[in-house]
There are 2 protein chains.
Amino acid sequence: MLFPMSRNPEEPVYNRIEEARTALGLTRQELADRVGVHYQTIGYLEREEYSPSLVLALRIAKALNQEVTELFSLTPLKKGR
Amino acid sequence: MLFPMSRNPEEPVYNRIEEARTALGLTRQELADRVGVHYQTIGYLEREEYSPSLVLALRIAKALNQEVTELFSLTPLKKGR
DNA sequence: ATGCTATGTAGCATTAATGCAATATCTCAA
DNA sequence: TTGAGATATTGCATTAATGCTACATAGCAT
């Protein structure tokens, strides 16, 4: 098992992708399709095994109609908005 | 000269880093230090030769006290706020 | 003119992000 | 119970993002 997450392992990126995705009743495959990535990539991101590129983060936010800062943060995110 | 920019060359990421940085009277080296990257990296980003990771984008936004969406966008950004 | 500082350009090395395939597990409906 | 769908795990290949070094250029102050 590899564990990248960022060049600075001290500061990972937290996200609420799964929460937002399921709230829309979407499957990972469906979100992946909308965003244009492999469905496994969504899995990696939801498990926070690595953090996305900015492009991907922006696309995901758009696909889930959320603000980037509502979805991703350098500090732990609480459940629910 | 290489030209990555994103896995999807059709959709680059536009940014206003230089504008925001100079507005604060910061040099690239200074911004790089605050953000924890090499000063050349800031240059590449300002010239939009490639787009940053989300972690870096979040750190830059914080260092320039700007919203991520004010600094970066999938669509071209106009000058001035 | 000289020198200093900021920035641009060019390579090269490393690593994280992504693609992709194959297999496993888990849940839930029939 | 069986099967289908969703998610997890593993492993490998590719490439973009980043680090870093060296040299060039441009502007500005002296």
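Side-chain atoms are counted along with the backbone in the values below, which use heavy atoms only and exclude waters and symmetry mates.
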What's the [atom1]-[atom2] distance between [X] and [N], to the nearest Å?
| X | N | atom1 | atom2 | result |
| --- | --- | --- | --- | --- |
| Glu48(A) | dA17(C) | CD | C1' | 15 Å |
| Arg47(B) | dA10(C) | CZ | P | 10 Å |
| Gln29(A) | dT7(D) | CD | P | 10 Å |
| Leu45(B) | dA16(D) | CG | P | 15 Å |
| Leu56(B) | dT15(C) | CG | C1' | 15 Å |
| Tyr44(B) | dC12(C) | OH | P | 12 Å |
| Tyr50(A) | dT9(D) | OH | C1' | 13 Å |
| Glu49(B) | dA17(D) | CD | P | 11 Å |

### Task
Report the residues that fulfil side chain to side chain contact (heavy atoms under 4.5 Å, CB included) with Glu46(A), sequence neighbours left out, ordered by chain and then residue number.
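Here the qualifying residues are Ile17(A), Glu18(A), Arg21(A), Arg28(A), Ile42(A).
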[X]: partners by side chain to side chain donor-acceptor pair (under 3.5 Å), with sequence neighbours left out:
| X | result |
| --- | --- |
| Thr27(B) | none |
| Glu30(B) | none |
| Thr69(B) | none |

N/O to N/O distances under 3.5 Å, protein versus nucleotides 28-30 of chain D:
none

### Task
Using a 4.5 Å cut-off on heavy atoms from C-beta on, say whether the side chain of Leu54(B) contacts that of Phe72(A).
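They are in contact (side-chain heavy atoms under 4.5 Å apart), so the answer is yes.
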### Message
I need the residues from residues 33-41 of chain A with at least one non-hydrogen atom less than 4.0 Å from DNA chain D; give them sorted by number, or say none.
### Response
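Contacts with DNA chain D under 4.0 Å: Tyr39(A), Gln40(A).
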### All pairs passing side chain to side chain donor-acceptor pair (under 3.5 Å) where residues 32-43 of chain B contributes a residue, at least two apart
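Side chain to side chain donor-acceptor pair (under 3.5 Å) check on residues 32-43 of chain B returns Gln29(B)-Asp33(B).
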### Query
What is the minimum heavy-atom distance between Ala20(A) and Leu71(A), and which atoms define it?
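Scanning both residues completely, I find the closest heavy atoms to be CB-CD2, 3.8 Å.
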At under 4.0 Å, does any side-chain N or O of [X] touch on OP1 or OP2 of [N]?
| X | N | answer |
| --- | --- | --- |
| Arg59(B) | dT18(D) | no |
| Ser53(B) | dA16(C) | no |
| Thr27(A) | dT7(D) | yes |

### Message
Distance check, rounded to the nearest 0.5 Å: Arg59(A) atom CZ versus Leu64(A) atom CG?
### Response
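Nearest 0.5 Å value for the CZ-CG distance: 14.0 Å.
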### Query
How long is the gap from OG on Ser73(B) to CG on Asn15(B), to the nearest 0.5 Å?
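Between Ser73(B) OG and Asn15(B) CG, I get 10.0 Å after rounding to 0.5 Å.
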